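To start, the structure under review is shown below, and the notes come after it.
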Amino acid sequence: VSQTSILEAAERERTFIAIKPDGVQRGLISEIIHRFERKGYKLVAIKLVIPTKEFAEKHYHDLKGRPFFNGLRDFLSSGPVVAMVWEGQGVIKYGRKLIGATSPHNSEPGTIRGDLAVSVGRNTIHGSDGPETANAEIALWFKPEELVSYTSNAEKWLYEP
Ligand code: UDP
Ligand code: MG
């Protein structure tokens with residue numbers, strides 16, 4: 001059996017993170033990736049894509065009917081998005097902490113949206129809001145073979161055995 005992580009399977013949590021078109025256009029790709037990377041999370045998938053409107057609707061299906069839905073869908077499909085999967089202990093919940101509140105007016109300084117964004121419709125980043133959405137979003141954006149299996153050298157320094 002290949003050992004790709006010292007973490008128990010249940011702790012090897014994964015979340016879907018996307019840098020939205022505003023983050024890409026504003027040159028914030030490395031800035032945003034840096035924050036997940038330096039925390040100690042492990043990148044397991046990454047690609048640059050321009051989602052179609054239909055795909056953007058699927059991604060935001062739970063928000064259909066909201067007044068901002070069409071604008072949100074059109075914006076997500078307006079340009080390149082960096083789609084990623086990050087892995088680590090508690091990454092779903094803590095990833096949302098790194099991202100900050102939905103409206104940058106309320107996001108704390110030190111968070112991605114708090115430091116890098118001003119308005120709710122241009123808040124630079126998406127992150128899954130729970131385990132079910134994380135699984136669904138990873139499956140929507142990535143084929144299973146696009147998730148890369150490898151051992152992170154840093155892991156033994158990040159986690160106790
Ligand atoms: N959004 C918006 N206006 C609103 C609420 C949300 O434009 O009043 C956008 C915003 O970009 C947000 C996205 O819709 O990131 C998805 O909304 P959600 O409530 O899921 O927020 P998130 O999970 O991204 O924090
Ligand atoms: Mg959400």
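Computed from a prediction, not measured in an experiment: that's the story for all the values here. All ligand and atom numbering here is 1-based and tracks the order in the structure.
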Practice task
Mark yes or no: Lys20 above the aromatic ring of Phe75, with NZ or CZ under 6.0 Å from the six-membered ring centre and no more than 45 degrees from the axis.
Solution key: no
Handout entry: Gln89: which of Glu13, Arg12, Glu11 passes side-chain contact (heavy atoms from CB on, under 4.5 Å)
Key = Glu11
Problem - Over-ring placement of Lys42 relative to Phe36, 6.0 Å and 45° cut-offs - result: no
Problem - Test: Asp115 and Arg35 ion pair at under 4.0 Å - result: yes
Problem - Close side-chain approach of Arg73 and Lys64, heavy atoms under 4.5 Å - result: no
Practice task
Can you label the angle between the Phe16 ring and the His126 ring as parallel, tilted or perpendicular, going by 30° and 60°?
Solution key: tilted
Handout entry: Residue contacts for ligand 1, heavy atom to ligand atom, distance under 4.0 Å
Key = Lys20, Tyr60, Leu63, Phe68, Leu72, Arg96, Thr102, Arg113, Val120, Gly121, Asn123
